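In what follows, a single structure is set out as structure tokens and then discussed.
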Number of protein chains: 2
Amino acid sequence: MNRLDLNLLHVFDTIFREGSLTRAARALHLTQPAVSHSLSRLRDHFNDPLFTRQGNQMVPTPLARRFAETMRPGLTQIQSAVNQFHAFDPARQHKTFSLGLRDILESTFLPQLMKNLTSYPEIEVVSQRIARREMETQLASGKLDFAVDVLLPVSNQTSHELLRKDQLVVIAGEHHPGIENGLTMEQYLAARHVLVSSRTEGPGIEDFELSRQGVHRRIALRCQHYYAACRVAENTDLLVTMPETYARMIEQQAKVRVLPLPTDMPALNVHLYWHTAYEKEPSLLWFREQLHRVASNRPDRP
Amino acid sequence: MNRLDLNLLHVFDTIFREGSLTRAARALHLTQPAVSHSLSRLRDHFNDPLFTRQGNQMVPTPLARRFAETMRPGLTQIQSAVNQFHAFDPARQHKTFSLGLRDILESTFLPQLMKNLTSYPEIEVVSQRIARREMETQLASGKLDFAVDVLLPVSNQTSHELLRKDQLVVIAGEHHPGIENGLTMEQYLAARHVLVSSRTEGPGIEDFELSRQGVHRRIALRCQHYYAACRVAENTDLLVTMPETYARMIEQQAKVRVLPLPTDMPALNVHLYWHTAYEKEPSLLWFREQLHRVASNRPDRP
DNA sequence: TTAAATGATAAGAATAATTCAGTGGTCTAA
DNA sequence: TTAGACCACTGAATTATTCTTATCATTTAA
């Protein structure tokens, strides 16, 4: 029969993650020979060694890699489905959360998040950069648990909620002339600017709003990362317009000053996205709460 | 332990589909008591009857429904992953293919498709209408195997290929005056038209092309379905512009004539979409071939 | 070189699943 | 209304599978 013992998939997944039969056995609360036997059953089924011993670790064969690639998202989906009826205990259960973060969100979220999670050593976080176009499919296929991004149009298989509002502020080098009492609109428009954008052309969000107000600023540099832009501002008279949360972080490490924008501009709405089907899964609910804590700067335990 | 025997999920899925333990047992090549025992193990685990006997069939409880909803897509993903290394035998293996078809594609595809599949009684097809925005997430989550639509921008988790090109033609009532020798551009523009569109406003694709050519036609009726539009054309002097494949089908049943468009217009590119990760899965490859057969009007066995 | 650790293997033990046989309930048709 | 067919559940016995203990051959690290 074509029928594979589905429990072996769980063993396969663990060996794949741990890279060792002994460690996999520990994780599964089994003895090492039990795992070894399971592996040999898998080997029979696939007619492939699946994992080969290379020195101290079991390295997956190409076939095993290909299998893992397609099988593991399904497995996590099933585990989510099964676990939705059981409570989640973050202190004892092992769980990997995968998170799609763009640009500066990694720096503003991860440090505080991981600090809050130190008391949960079994919790693992994977952060990856996800293209906007991929976001929904990654969430739907189970490759991603959450994504954080500005407000985007999504299908109704994807849920989202506001995580935090971020005002735009201006970063200027410490010795930028004439900014002791903040920045006037004249100064802002007279200065030259760094535009941070992942695209190679077109205006940034702040330029959209400025042109709506009928003014225009001069761009001296277009680059991809806010961090690089800030290091430029540190050493020149160029200004950088960026979200406040990240600016406050940079302020503590670089010789720059954070100044309010001299004009009103709508705040950046940072949203959290997830797959609607797994909305009720306790572990995901718990992680969502953790993310909200970080976003609103609440301490670990309320 | 929180650990559920994953093999029970397969039993659950089969009971859910078959609505009967006896039939589920047959499908699983087991005896009925074996399935009954499996079910009782599931009941212990979920602390819920899961299926209750109502007359002649086992009806899932709300909890079972909710569980099935989230679990089954994962299960099919896993089965795809496992099966990618085994050949698929459409004559003997049971398999359900789910297909996202919009509007007229159901009428133009399904009859011929199901005719071609009569020699494969184990093959089941589910066709559902999918909103464009949902398409990719449905494919990614495993709820949909294939979708058919015009060319759309997609993420690279989704693959696609041209299924067929469809020319636009005009449908006119049988007794429409002065169309014995086809339709001139003057006649086309002088007539009043039915515009078929699922949106409530905005031009149709043909209007886009017409305005590119600097002309404009008069819309007398805007409606949602080509079939309704044809019945209108049958009884009035209104014209309907639509894809040729569907027009040819209608022509055989309604008192209408199919006329070529009096101007050149780009053909409609009908594409087939699927999830890239399961590209190599034999059963999906086989079904893709079936769809191509239908699209190109080739017979069942070449 | 040696001690510790790792994966494979063999054989017995433990566990789990399947089958068989029988019960009671439900539907259908005479 | 009732007999017969069908269906799901239960318990005991059997069968099959999986796990464990013990051991060996390699490999790694001290």
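Predicted model only: the values in this text are computed from it and were never measured. All values below come from the heavy atoms of this structure, side chains included, with hydrogens, waters and symmetry mates left out.
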N/O to N/O distances under 3.5 Å, protein versus nucleotides 17-22 of chain D:
{"from": "dC19(D)", "atom 1": "OP2", "to": "Arg41(A)", "atom 2": "NH2", "distance (Å)": "3.4"}
{"from": "dT20(D)", "atom 1": "OP2", "to": "Thr31(A)", "atom 2": "N", "distance (Å)": "3.0"}
{"from": "dT20(D)", "atom 1": "OP2", "to": "Thr31(A)", "atom 2": "OG1", "distance (Å)": "2.6"}

* To do: Just call it for Arg43(A): base, sugar-phosphate, or nothing, with non-hydrogen atoms closer than 4.0 Å on any strand.
  => sugar-phosphate
* Does a nitrogen or oxygen in the side chain of Ser36(A) sit under 4.0 Å from OP1 or OP2 of dG7(C)? -> no
* Of all pairs that satisfy salt bridge (charged side-chain N to carboxylate O under 4.0 Å, His left out), the ones with a partner from residues 134-145 of chain B, not counting sequence neighbours -> none
* Asked: Can you tell me if the side-chain N/O atoms of Thr22(B) get under 4.0 Å from OP1 or OP2 in dA8(D)?
  -> yes
Distance-only donor-acceptor hits, side chain of residues 63-70 of chain B, under 3.5 Å, sequence neighbours excluded:
{"from": "Arg65(B)", "atom 1": "NH2", "to": "Pro60(B)", "atom 2": "O", "distance (Å)": "3.4"}
{"from": "Thr70(B)", "atom 1": "OG1", "to": "Gln84(A)", "atom 2": "NE2", "distance (Å)": "2.8"}
{"from": "Thr70(B)", "atom 1": "OG1", "to": "Arg66(B)", "atom 2": "O", "distance (Å)": "3.3"}
{"from": "Thr70(B)", "atom 1": "OG1", "to": "Phe67(B)", "atom 2": "O", "distance (Å)": "3.2"}

* Look at the side-chain N and O atoms of Ser20(A) and state whether any lies under 4.0 Å from the OP1 or OP2 oxygen of dG7(C). => yes
* To do: Could you check how far CG of Leu39(A) sits from P of dG7(C), rounded to whole Å?
  => 10 Å
* Structure fact -> Here the salt bridge (charged side-chain N to carboxylate O under 4.0 Å, His left out) pairs for residues 10-25 of chain A, sequence neighbours left out, are Asp13(A)-Arg17(A), Asp13(A)-Arg72(A), Glu18(A)-Arg23(A)
* Does a donor on one side chain and an acceptor on the other come within less than 3.5 Å for Gln77(B) and Tyr278(B)? -> yes
* Asked: In terms of side-chain heavy atoms, does Ser159(B) have a donor or acceptor partner in Glu279(B) at a distance below 3.5 Å?
  -> yes
* To do: Take the protein atom CG of Leu21(A) and the nucleotide atom P of dT27(D), then report the distance between them rounded to whole Å.
  => 16 Å
* State whether Asp48(A) and Arg43(A) are salt-bridged, where the test is any N-O pair (Lys NZ or Arg NE/NH1/NH2 against Asp/Glu carboxylate O) under 4.0 Å. => no
* For residues 10-18 of chain B, which residues have at least one heavy atom under 4.0 Å from DNA chain C? -> none
* **Side-chain donor/acceptor of Gln93(A) to backbone N/O of Glu122(A), under 3.5 Å** => no
* **Test side chain to side chain donor-acceptor pair (under 3.5 Å) applied to Ser80(A) and Glu281(A), step by step** => CA-CA 6 Å; Ser80(A) 287; Glu281(A) 217 258 88; 3.2 Å; yes
* May I ask you to decide if Thr137(B)'s main-chain N or O and Ser141(B)'s side chain share a donor-acceptor pair within less than 3.5 Å? => yes
* If you check every side-chain atom of Arg53(B), which of dC9(D), dG24(C), dA8(C) has the closest atom? -> dG24(C)
* Could you tell me the separation between the CG atom of Leu42(B) and the C1' atom of dC9(D), rounded to a whole number of Å? => 15 Å
Heteroatom pairs (N/O) under 3.5 angstrom, protein to nucleotides 28-30 of chain D:
none

* **Of Asn7(B), Ile15(B), Leu9(B), the residue whose pairing with Val11(B) passes side-chain contact (heavy atoms from CB on, under 4.5 Å)** => Ile15(B)
* Atom CD of Glu161(B): over 12 foreign heavy atoms under 6.0 Å -> yes
